[in-house]
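Take a look at the structure below.
Counting convention: from 1, in listed order, for ligands and their atoms alike.
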Amino acid sequence: MKIAFFDTKAYDKPSFEKYASACGVDIKFYETKLTEDTASLAAGFDGVCVFVNDTVSAPVIDALIEGGCKFIALRCAGFNNVDFKHLAGRIPVFNVPAYSPHSVAEHAMAMLLTSIRRIHKAYIRTRDFNFSLNGMTGFDLHGKTVGVVGTGKIGRCFIDICRGFGMKILAYDKYPADIPDVTYTDTDTLFRESDIISLHCPLTDETYHMIDGDVIEKMKKRAIIINTSRGALIDAQALLAAIKERRLGGACLDVYEDENDLFFEDYSNHIVSDDVLARLISMPNVIVTSHQAFLTEDALDNIAETTIDNIVGYVNEGTESNRVTA
Ligand code: NAD
């Protein structure tokens with residue numbers, strides 16, 4: 001069995017090579033993204049393996065099917081890049097619904113601790129033999145209130161971590177679950193009473209810009225916002241305005257609403273034209289990582305294993321576990 005693997009990064013290969021060779025799957029790794037221009041590269045393969053920024057639009061789907069592709073295997077949970085209407089069930093799409101909620105929750109806490117204990121500043125200072133502590137005062141997490149929006153797999157892991165720090169938990173979810181010792185509340189109360197707010201809900205029409213200027217106005221003046229979910233949950237312009245007005249304590253962003261053309265790539269020798277992102281990155285109390293919260297060896301291993309299982313199960317036995325029915 002042969003699959004064409006698009007948007008390959010160096011970190012994808014070890015885990016996929018391990019599971020593919022064990023299952024007799026031959027992978028051709030392409031660094032290019034899947035687009036209308038590159039879809040012909042998949043001709044003659046049994047299927048394709050794609051990631052979040054690959055394009056699976058109508059023309060791409062037609063080209064893939066014409067070239068003999070029998071499935072589309074997403075190596076991620078989200079599938080907003082697939083035109084399911086046009087696909088109309090002609091070939092199946094598989095995804096990896098969960099690979100390591102711990103990876104994302106731990107990254108959220110890593111960003112929070114970095115921010116409030118000024119680790120990012122200390123790292124740079126001591127490398128320059130500047131051992132001054134001026135401007136490095138942080139605060140304890142113990143006893144502070146964290147508001148968690150979305151108490152699914154990642155939100156729950158994050159709550160467990162926060163409990164270990166002795167924090168008080170407030171939670172909001174559209175579909176509250178029965179989680180011991182978690183107090184659900186409305187968003188208004190959560191935004192007003194939390195010292196730290198961490199977003200773990202999906203991006204939908206309803207949650208688009210759930211944090212905007214009006215919501216930020218309700219927050220505590222020194223509140224810190226963490227977003228490891230999807231960029232467009234936050235109105236980035238409103239966030240920047242609030243940071244500039246010193247309305248917020250800080251922001252920890254692993255995702256950004258206009259990240260698609262930037263994140264995962266090296267633009268260190270380019271002039272980046274996104275002024276909002278550039279200004280956010282320049283702030284001492286904003287930490288930006290490049291959608292890397294998922295990136296642990298454990299998560300990569302789970303992603304590769306599930307993706308290859310999805311493919312092999314379908315081709316060899318006709319099973320359809322993790323088929324996306326959108
Ligand atoms: P999940 O489906 O287990 O949990 C999502 C939770 O959000 C559910 O409890 C759901 O009821 C709740 N929810 C749905 N609509 C809501 C709304 N309008 N308001 C409040 N809550 C709502 O998902 P998960 O695995 O915990 O992932 C959470 C998010 O993390 C994903 O949507 C994804 O965007 C993001 N994610 C980011 C990375 C990364 O690397 N940064 C990796 C994986 C996932």
Side-chain angles (χ1 to χ4, degrees), residues 7 9 11-12 51-53 74-82 95-112 114 146-162 169-180 182-191 194 197-212 215 225-234 236 251-260 262-264 287-304 306-307 322 324-326:
D7 199 12
K9 299 284 185 283
Y11 52 76
D12 289 317
F51 196 49
V52 291
N53 291 327
L74 299 166
R75 53 181 190 279
C76 53
F79 41 80
N80 50 300
N81 50 342
V82 180
N95 75 339
V96 183
Y99 33 89
S100 172
H102 304 284
S103 64
V104 182
E106 289 173 16
H107 190 81
M109 181 50 85
M111 292 183 92
L112 175 60
T114 301
V146 60
V148 178
V149 181
T151 56
K153 294 178 284 296
I154 296 170
R156 286 179 205 202
C157 286
F158 187 70
I159 286 172
D160 286 344
I161 292 170
C162 291
I169 317 284
L170 283 178
Y172 170 76
D173 197 296
K174 194 176 174 190
Y175 309 101
D178 192 10
I179 310 174
V182 168
T183 314
Y184 279 101
T185 184
D186 55 284
T187 46
D188 208 56
T189 310
L190 185 144
F191 291 137
S194 299
I197 292 152
S198 195
L199 305 178
H200 300 288
C201 60
L203 175 64
T204 62
D205 289 346
E206 203 179 347
T207 60
Y208 176 81
H209 282 187
M210 78 181 321
I211 308 278
D212 60 13
V215 169
I225 302 174
I226 309 168
N227 189 7
T228 55
S229 195
R230 283 293 178 266
L233 294 177
I234 299 180
C252 304
L253 310 173
D254 185 52
V255 286
Y256 172 67
E257 62 176 328
D258 292 321
E259 71 178 46
N260 274 9
L262 291 169
F263 283 18
F264 303 117
I287 293 184
V288 175
T289 53
S290 172
H291 206 137
Q292 75 175 65
F294 75 100
L295 195 63
T296 65
E297 288 172 5
D298 313 79
L300 290 174
D301 221 50
N302 290 337
I303 289 169
T306 307
T307 305
N322 299 324
V324 182
T325 47

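- In terms of heavy atoms, T228 sits closest to V255 at C-CG2, 4.2 Å.
- Looking from atom 33 (C) of ligand 1 to the surrounding protein, the closest heavy atom is R230 NH1, 3.8 Å.
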- From CA spacing to verdict: side chain to side chain contact (heavy atoms under 4.5 Å, CB included), S103, D298: CA-CA 8 Å; S103 64; D298 313 79; over 6 Å; no

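- Ranking protein heavy atoms by distance to atom 16 (C) of ligand 1, first place goes to K174 CB, 3.7 Å.
- For the pair I197 and L190, the minimum side-chain heavy-atom distance is below 4.5 Å.
- Using a 4.5 Å heavy-atom threshold, the side chains of H291 and R230 count as touching.
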Q) How far apart are the C-alpha atoms of V149 and I211, what are their side-chain angles, what is the distance that settles it, and do they pass the side chain to side chain contact (heavy atoms under 4.5 Å, CB included) test? A) CA-CA 11 Å; V149 181; I211 308 278; over 6 Å; no

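- Using modelled atom types, one finds a donor on one side chain and an acceptor on the other under 3.5 Å when comparing D173 with T151.
- In this structure, the protein non-hydrogen atom closest to atom 26 (O) of ligand 1 is I154 N, 2.8 Å.
- For ligand 1, the atoms lying closer than 4.0 Å to a non-hydrogen atom of V104 are 38 (C), 42 (C), 43 (C).
- Within the 4.5 Å cutoff, the side chain of I179 has heavy atoms near those of the Y184 side chain.
- Summarising the geometry of L233 relative to S229, their closest heavy-atom pair is CD1-CB, 3.6 Å, with the distance given to 0.1 Å.
- Per-residue contacts place Y99 under 4.0 angstrom from the following atoms of ligand 1 (heavy atoms of the residue considered): 42 (C), 43 (C).
- Of all protein heavy atoms, the one closest to atom 28 (C) of ligand 1 is H200 O, 3.4 Å.
- By the 3.5 Å distance cut-off applied to N or O atoms, M210 is not counted among the residues near ligand 1.
- Around atom 2 (O) of ligand 1, the closest heavy atom drawn from H107, K153, R156 belongs to K153.
- Judged purely by atom type and a 3.5 angstrom limit, D254 uses its side chain to pair as donor or acceptor with the backbone of A293.
- Some N or O of D254 is nearer than 3.5 Å to an N or O of ligand 1, by distance alone.
- Heavy atoms of A98 stay at 4.0 angstrom or farther from ligand 1.
- At the shortest separation from atom 7 (O) of ligand 1 among protein heavy atoms lies P202 CD, 3.3 Å.
- If you number the atoms of ligand 1 from 1 as listed, the ones under 4.0 Å from a heavy atom of H291 come out as 39 (C), 40 (O), 41 (N).
- The proximity of F263 to ligand 1, defined as any non-hydrogen pair under 4.0 Å, does not occur for either the backbone or the side chain.
- Shown in contact with Y172 at under 4.0 Å from a heavy atom are these atoms of ligand 1, numbered in order with element: 19 (N), 20 (C).
- Side-chain contact between L295 and L300: present, with at least one pair of heavy atoms (C-beta onward) separated by less than 4.5 Å.
- Using a 4.5 Å heavy-atom cutoff, the side chains of E257 and Y208 are in contact.
- Looking only at heavy atoms of the protein, atom 8 (C) of ligand 1 is closest to D173 OD2, 3.5 Å.
- Contacts with ligand 1 closer than 4.0 Å are made by side-chain heavy atoms of T207 only, the backbone lying farther away.
- Of the heavy atoms in L203, none comes closer than 4.0 Å to ligand 1.
- Of all protein heavy atoms, the one closest to atom 22 (C) of ligand 1 is C201 CB, 3.7 Å.
- Between T228 and ligand 1, at least one N/O pair is under 3.5 Å apart.
- Of all atoms in ligand 1, numbered sequentially from 1 with element shown, those under 4.0 Å from a heavy atom of F294 are 40 (O).
- Between the side chains of H107 and T289, at least one donor-acceptor pair of N or O atoms lies under 3.5 Å.
- Between T296 and E106 the shortest side-chain heavy-atom distance does not fall below 4.5 Å.
- Within the listing of ligand 1, atoms 11 (O) sit less than 4.0 angstrom from a heavy atom of Y175.
- When hydrogens are left out, the protein atom nearest atom 4 (O) of ligand 1 is G152 CA, 3.2 Å; that is the closest non-hydrogen contact.
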